[in-house]
Amino acid sequence: MVKLLMVLSMTESEHYQKLKLELRRGTLILAVLAELREEHYGYSLRKNLLAKGMDIDEGTLYPLVRRLEKQGLLASEWREENNRKKRFYHLSEVGQTTLRQLTEDWRATEKTLNRILDYQGD
Amino acid sequence: MQIVNNYLNSLESYLSEDIRKEVRDELEASILEQVEDKQESLGRELNTEDIEAILLGFGHPMKVAAAYSSNQELVSSSYFPVFKKSLELTLAIVMIATLLLNIPLIFSDANFIKIGIVLLADFIENGVWTFAWVTLLFWVLQTNNISIEGLYKWSPKELSAVNPKLKISRLETLFEITVYLIFLGWWNGAFGWTMTHVFENLDKVVNLSDEWQLVHWSVNIIVGLSIIVDSIKYIAAGWNKATLSANMALNIASLAVIAQIFGFETYVTVIENPDGTIPLEVTLEHARTLINGVLGVLAAIIAWDIFSNYQKIVS
């Protein structure tokens, strides 16, 4: 009952925002892995993604990068640049293989989804 | 930059010891670089509001810190179905145990309201403890990555044929159990046969006749067995052939007892008739009519229950 009331009280726009977030969540990982084929530190990674149209807030990006590193997909090292210590990330070997596989999956999913979205019926 | 320092201090307080320094250093470098970038683009020093806007972009320190922790769910989605079922079963058992442990109170002279409040308070207390322990158990399983996937192994062939018609409401069953227990308390404690008054009005005191003793133990056995069957139904939340058959057998036995009661010569005896405002015969006749009526309704309900159980078995 409570769940039903909560669903009913959500506006159409809130539903959309929630679904949009869900749709986007999985793609963030792929975008971050792909961008880290070149070495970046947190802020430069964010700026580069933003320049390509992918806006990720810092509160999401930094923990995500750290989780990916923990999973062995990224490697990192602390270095000093412009008198400031920064942590630079790049794809590990496992990360490269995973990125290749995920890219194939993404392309296949995109193709399938486009076929479904473009289907007009008989 | 006190505001940045405050933000990072707050963030640190939510992080675990092992990652505290690294996360702080990384975010500090990022915030300061953003500040420099913005100063360059605006061509002036940033004021507090500008820096506040940058920090707001990072999010609440507690949320950011939480995103760094891998386990953010007390019971994750893969454990939740088993967790929910375990809670249902354990709470059902706790409810039955609460009723059974309070049998002395139910059988005492305490009034119904007091009994109800004590039962509810006991169930809430035990239920909260059970909820906490079951949740803790699943949290430990999850934190230690102990897999419960074995419980999800299944085959369509192994699924039992559950007919939706055979599902029962736990609340209804609990109500039945409570009524049975209160009845047993009254039947054994408050009855007293020849000495205790069943009802009285201003001018007469009426007791049940001694003939009721003939059915004393048969009623106790039938109601006792009904409580056991209901307890099984309550835990399983559905009928099966065994409980249906047991229920039918108990209903048939109940009908036999009712038939025996119908055969009593007198249901009640009148001990006093001080001023004789209503003739004794009229009182006895009224009592007989009333008891016959109650027994008739009871017999009809039981007969309907037998018919309904029969239909369930057939289906």
Side-chain angles (χ1 to χ4, degrees), chain A residues 1-3 17-18 21-22 24-29 31-33 35-36 39-90, chain B residues 1 3-5 7-8 10-41 46 50-73 76-77 80 84 143 145 171:
Chain A
M1 187 65 184
V2 174
K3 207 185 273 178
Q17 290 301 334
K18 205 173 161 229
L21 266 178
E22 276 180 36
R24 193 170 178 264
R25 197 167 293 146
T27 63
L28 293 183
I29 294 173
V32 168
L33 289 178
E35 198 56 35
L36 284 173
E39 192 181 62
H40 283 291
Y41 58 92
Y43 184 50
S44 70
L45 172 64
R46 182 172 183 263
K47 280 202 295 188
N48 271 40
L49 286 168
L50 187 62
K52 287 171 183 162
M54 176 73 82
D55 187 6
I56 311 180
D57 64 76
E58 290 92 338
T60 304
L61 180 64
Y62 289 90
L64 171 65
V65 170
R66 204 182 165 86
R67 273 203 306 278
L68 294 174
E69 191 200 11
K70 218 172 165 183
Q71 288 164 12
L73 301 173
L74 301 179
S76 75
E77 61 172 330
W78 285 92
R79 277 206 315 267
E80 204 169 293
E81 191 189 77
N82 300 331
N83 294 326
R84 191 166 285 145
K85 265 179 78 184
K86 290 169 186 171
R87 189 174 193 164
F88 288 83
Y89 296 91
H90 61 269
Chain B
M1 293 283 187
I3 191 170
V4 175
N5 219 17
Y7 181 81
L8 294 168
S10 174
L11 179 81
E12 258 191 297
S13 70
Y14 294 111
L15 290 166
S16 59
E17 184 73 39
D18 56 325
I19 59 168
R20 206 170 275 170
K21 191 177 179 316
E22 281 192 1
V23 171
R24 184 189 174 111
D25 288 349
E26 188 173 23
L27 291 188
E28 188 172 22
S30 176
I31 293 167
L32 294 178
E33 199 165 341
Q34 277 197 52
V35 169
E36 286 168 5
D37 271 7
K38 202 155 185 186
Q39 276 176 342
E40 207 179 300
S41 67
L46 294 192
D50 295 325
I51 300 172
E52 193 186 14
I54 292 173
L55 295 177
L56 284 170
F58 276 78
H60 192 289
M62 187 164 61
K63 267 182 98 174
V64 177
Y68 278 98
S69 311
S70 54
N71 190 359
Q72 284 298 300
E73 290 168 310
S76 70
S77 56
F80 195 78
K84 193 174 162 220
T143 310
N145 286 323
L171 194 69

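Each chain gets a letter, A, B and so on, in the order its sequence line appears, and its residues count up from 1. As the structure is a prediction and not an experimental result, all values here were calculated from the model.
- Interatomic distance, Leu32(B) CG to Arg84(A) CZ, rounded to the nearest 0.5 Å: 4.5 Å.
- Around atom CD of Glu40(B), no more than 12 heavy atoms belonging to other residues, nucleotides or ligands sit under 6.0 Å away.
- Looking at Leu27(B), the atoms closer than 4.5 Å to chain A (heavy atoms on both sides) all sit in the side chain, from C-beta outward.
- In summary, Arg46(A) and Glu33(B) do not engage in a salt bridge, as defined by a charged side-chain N under 4.0 Å from a carboxylate O.
- Separation of atoms CZ (Phe58(B)) and OG1 (Thr60(A)) is listed at 11.0 Å; rounding is to 0.5 Å.
- Using a 4.5 Å cut-off between heavy atoms, Glu28(B) makes no contact with chain A at all.
- Top candidate by heavy-atom pairs under 4.5 Å with chain B, chosen from Arg87(A), Lys47(A), Arg66(A), is Arg66(A).
- Minimum heavy-atom separation, Arg67(A) to Ala67(B): NH1-O, 2.9 Å.
- The heavy-atom pair separating Glu26(B) from Tyr89(A) by the smallest distance is OE2-OH, 2.6 Å.
- Minimum heavy-atom separation, Gly57(B) to Glu58(A): O-OE1, 3.4 Å.
- The nearest pair of heavy atoms linking Gly59(A) to Val64(B) is CA-CG2, 4.0 Å.
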